[in-house]
Amino acid sequence: MTTTQDSAVAVEMITVVIDGFEVSVPKGTLIIRAAEKLGIQIPRFCDHPLLDPVGACRQCLVDVEINGRAFPKPQASCTIPVEPNMIVKTQLTSPVADKAQKGVMELLLGNHPLDCPVCDKGGECPLQNQAMSNGRADARLDGYKRTFEKPINISSSVLLDRERCVLCARCTRFSAQIASDPFITLNERGALQQVGIYENDPFKSYFSGNTVQICPVGALTGASYRFRARPFDLVSTPSACEHCASGCDMRTDVRRGKTLRRLAGDDPSVNEEWNCDKGRWAFKYVTALDRLTHPLVRNSSGELVQASWPEALAAAAAGLKGKRAAVLTGGRVTTEDAYGYSKFARIALATNDIDYRARVTSDEERDFLAAYVAGSSTTYRDIDTADHVALIAFEPEEESPIVFLRLNKNFKKRGLKVSAVATKGSIAMDKLKADFIKVAPGAEASAVAGLALTAKSVILVGERASESAGLFSAVAALAAKTGAKIAYIPRRAGERGALEAGALGTVLPGGRPVVDAAARVDIAAAWGVDSLPATPGRTSSQIIDALASGDLDAVVVGGVDAHDLPHSHAVLDALKKSFVVSLEIAPSSVTAVADVVLPVAAITEKSGSFLNWEGRARAFDSAVADSHNRSDVRILSMLADALGNPISLGTVTSSAREFNQLGSWDGARVQFAPVAAGTAKSVSGNDALLSSWRRLLDMGTLQKGEDNLAGTRRPTVAVISTKRAESIGVTTGQQVRVSNAHGSITIPVLVEDIHEDAVWIPRNSFASQALVALDAVHGDVVTVVKA
Amino acid sequence: MTDFNESANIEKKISGQADINSVPFTEVEQPGPASLAQQAKGFWVTFSTMFKKNQTVQYPDVKAPTAPRFHGRHQLNRHPDGLEKCIGCELCAWACPADAIFVEGGNNTPENQLSPGERHGAVYQINYLRCIFCGLCVEACPTRALTMTNEYELADDKREKLIFEKEDLLAPLRQGMLAPPHPMYPGMTDTNYYNGDVKEAHPSQSESGQGVN
Amino acid sequence: MGLEDKLPSGVLLSTVEGLAGYMRKSSVWPATFGLACCAIEMMALGSAPKHDISRFGMERFSASPRQADLMIVAGRVSQKMAPVLRQIYDQMTAPKWVISMGACASSGGMFNNYAIVQGVDHIVPVDIYLPGCPPRPEQLMDAIIKLHTLIGDTKLGPNREAIIKEVELAALNAKPTIQMKGLLA
């Protein structure tokens, strides 16, 4: 590891005596954590290592003595840092501390209802456990407990039971300090103190699920897990989040083959015990979708009919054999599966026509990925040490929430400077007090050149940079000029892994350039084949064009939804003309036109790994053990066998082993050819330049069946500037129609900080699916009128 | 008793040339044939039994009652107004040493109120092929919802038939009870239910077309 | 089996079925298979005057399998005992029936571990499952009476073949275990 600034400074150690044992801890450590180091458990509710100390619950009282002078009364060990010559006596050695703790517990339980049998926390409740370990055996309170109406929905996903609350303020501190979403707070005083939300303002945070996880009692519970199971029913599997490229560590809890909940795992270098609500609550799609159970083959009368595996593989092989075929994998496959697709394209189909990018893409992006991203190693740690972070075509809270939490932490702790080159301001930019460099859609490249960065800065560039010509070139030039690090943050979990696995036309696994003969020989030797195709492959849009024009005959499609691609009607027409083999978990727009459909395992049913945006492997095991579904790589291996060109990747493990053995390329990278900076189109009157991105919670397929989660979506609005609002005569809340020759979208308007020439709409939200309805991307001209 | 030396001697003989006849044994006096009087006494027991009261319980026709606390089939009880006592807390499943109980909780809504309070047992199954009738589930039940009856005639010819669902286990509706779902007794909370303050279904509910049994 | 299987279906067969069933059910001879505590209750049924199993024509608890046609598996079947049990079953004369007595024989009961067969129906076809730990003698009698009903209703010849087909079809159309909910899964 590189030596970082804070570890270079010698840490001052302080020795204290706790229960007669000496322990040395860094200066500033709280007593409660020094005791933990000795293995002494002091009971606590409000204390959380990632939140500021507050001393709210008073459960952690201990006797403290400094320089021979004792505090007159027991002190809260979660708020007092250690001092030299400090002697601490916990409940184990001090009868006073023990009595104080028992007294506090008795008071906490005084108003706590005896409804453990109906409480979701029962069985894994810190209050239950610590009442057993550090409480009195019997209650002396004789009277009525305080009651509240229960439970109340503070958002569609989170339920609040105020009777159970011990007022530890973990939830309110999390919302204020970590998520900067202060939607919940402690109201009233004294015995009536309670957690509450603002009137008519629900707890609409993208991170609300974390409060459920850190609540030490059952006061905050998740609506979707309500009364579903007990901890002893659940089989927990460590897993990784499949939703975005942040790469959260997760825990998946399964009861009898069904995922019931997911919790954030604890990985200090990535997600630090937190995750977003999508990662936590969007998992029912595995069962909610009408899953494919058998292979399907299109028969002579044009209908998809059920077939056996040998039949389906034979049909797929017959359709692919000797044809000019390509591969589209989509960005949601695991690294092992992406490697399987990559090897399958090169060996079984003898082509480099493979692209994992099922979205709006550009050739500039492909070259940028191959030259700067494959094998790069910018990490979360670099954000922690950066002096300045630039956000380019990247909305952290919507597109990679944990990156936002990390930025927010650095902003809160040390005032990290954040600049954002964007068309529209956002909630995240407000929270980060970001320097908002407002540009018209399409003109981002010229604005980037002007950023004042240093060698310690980090440029976070999102996948949407491909929608603005010259933007990647400008980022590369800026990094070259200032020495700043580039971090490319795609939206989907599998994209970085697919890039490293070579699921792109110009690179082979490990970032080896296709055009480099030595790299080809390297891979050909490892794969045991004579040679690999030398022509760089087509991009996804070129593959679609070639299918439409007849230059390609067939295509193997992984988890791709045609509606994620620009010009989806043309895509579906092209697929209809060709022989399509689709590997999918559920019927989709692609399986509807496919000739052979092969069902594959969903994420909980298989093992594998994702590479997050850092390139860090996030491995996970199958959570549902007895699934009959197989990972893509296994099916590709069978298909390659049927084609007579085996790829010999029978298991996920063998794929992972082979991929890791290849290692990364130490030779020259793909040459990056800069593209001239694009400019914004000029508009006048009611015409505007479209800008859009996807919301975290939207109409995505992986959020299907999550009605509670859908309730915390941000509203679907069209954002326009004050000037435009005046000129078309609308105010916030009124309907506008955004239209072009292709179609129109009518949604309420929000007047906000946005470039005068632009209009922003969500890309895939309810009533606003820009790609499908308007067939328009970033920077296209649309008309905005009052509806 | 044979002493140590003697047994060593035997071993030696067996290992060499065994002489079975010289192995020591104790002669026991065998009883000779019993006297006629004794035989008559024996037969008298058999003969007199014919005039004794018949001990056989003619089982399928006559069913002797079990001990009052015999552990038979379970029953899910109801509150006096017909609402179920089970709250789906799974403590019975937790207590079960044979893992014979499966419970899934459910949310009580105003339209579907099956038990007092927030929670009801949505799925309740007992696998009588595993159940060992130990009664730990009954002890664990916090609402006295689960008790055991004296019914024991449970044998059946299919595995599936011996997994009893909630409908099979629920107690019958008695006088004053109303089949759930129906709202809680007006003005009463779940605490009132547990304190026994609810004695019957509210008349307004019975008149609302569902009828009291 | 015998001549009765060769009869064509119809009135004649129904009468023969009824007669054969009545005779079979009235003279079932159990082979003891006492393996654990359930055997004590089985012995109470077999030899104590209170229950007197002779009333059901089951005078003889056969220690020889070839003279028995009902196996009462009473107790937990360990993996080691399983092949022995199967061999005894195979040696019994057809038609033969099996009662799985008690939780352990039926499903392994509380012995959910590697040593115990999790249900004797893994080894032999079971006609009646009898819950209880152990079941009281009355319960065993109840099981026997239910078995008698089954035996009495046994079909022969073409009727039997039709039933076999029906059962086979039902098994094919049955819900896969993976789709079953709760304890059925």
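To find a chain, count down the sequence lines: A is the first, B the second, and so on, and within it residues start at 1.
- With a threshold of 4.5 angstrom between heavy atoms, L162(B) approaches chain C through side-chain atoms but not through N, CA, C or O.
- Note: Q58(B) leads E104(B), H71(B), K63(B), Q58(B) in heavy-atom pairs under 4.5 Å with chain C.
- Residues P60(B) and F56(C) are in side-chain contact: their nearest non-hydrogen atoms beyond the backbone lie under 4.5 Å apart.
- The two residues P49(C) and T56(B) have their closest heavy-atom pair at O-OG1, 2.7 Å.
- Of all the listed residues (M101(C), M141(C), Q139(C)), the one sharing the greatest number of non-hydrogen pairs under 4.5 Å with chain B is Q139(C).
- Nearest heavy atoms, A103(C) versus C131(B): CB-O, 3.6 Å.
- A heavy-atom distance below 4.5 Å is not found between the side chains of D142(C) and Y152(B).
- Contact count versus chain C (heavy atoms, under 4.5 Å) is highest, among N54(B), I132(B), V103(B), for I132(B).
- Counting heavy-atom pairs closer than 4.5 Å to chain B, the top residue among L150(C), L130(C), I128(C), I145(C) is I128(C).
- Once rounded to the nearest 0.5 Å, the distance linking CD1 of I53(C) with OH of Y59(B) reads 12.5 Å.
- Note: S107(C) leads C133(C), S107(C), S106(C) in heavy-atom pairs under 4.5 Å with chain B.
- Neither the backbone nor the side chain of K161(B) comes within contact range of chain C; no heavy atoms are under 4.5 Å apart.
- Between chain B and the residues Q118(C), H51(C), R136(C), K146(C), the largest count of heavy-atom pairs under 4.5 Å involves R136(C).
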I'd like to know whether D157(B) forms a side chain to side chain contact (heavy atoms under 4.5 Å, CB included) with Y129(C), so could you lay out the CA-CA distance, the side-chain angles of the two residues, the decisive distance to 0.1 Å, and finally the verdict. CA-CA 6 Å; D157(B) 60 342; Y129(C) 296 90; 5.9 Å; no
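- No donor-acceptor distance shorter than 3.5 angstrom exists from the side chain of R130(B) to the backbone of M110(C), with no hydrogens or angles considered.
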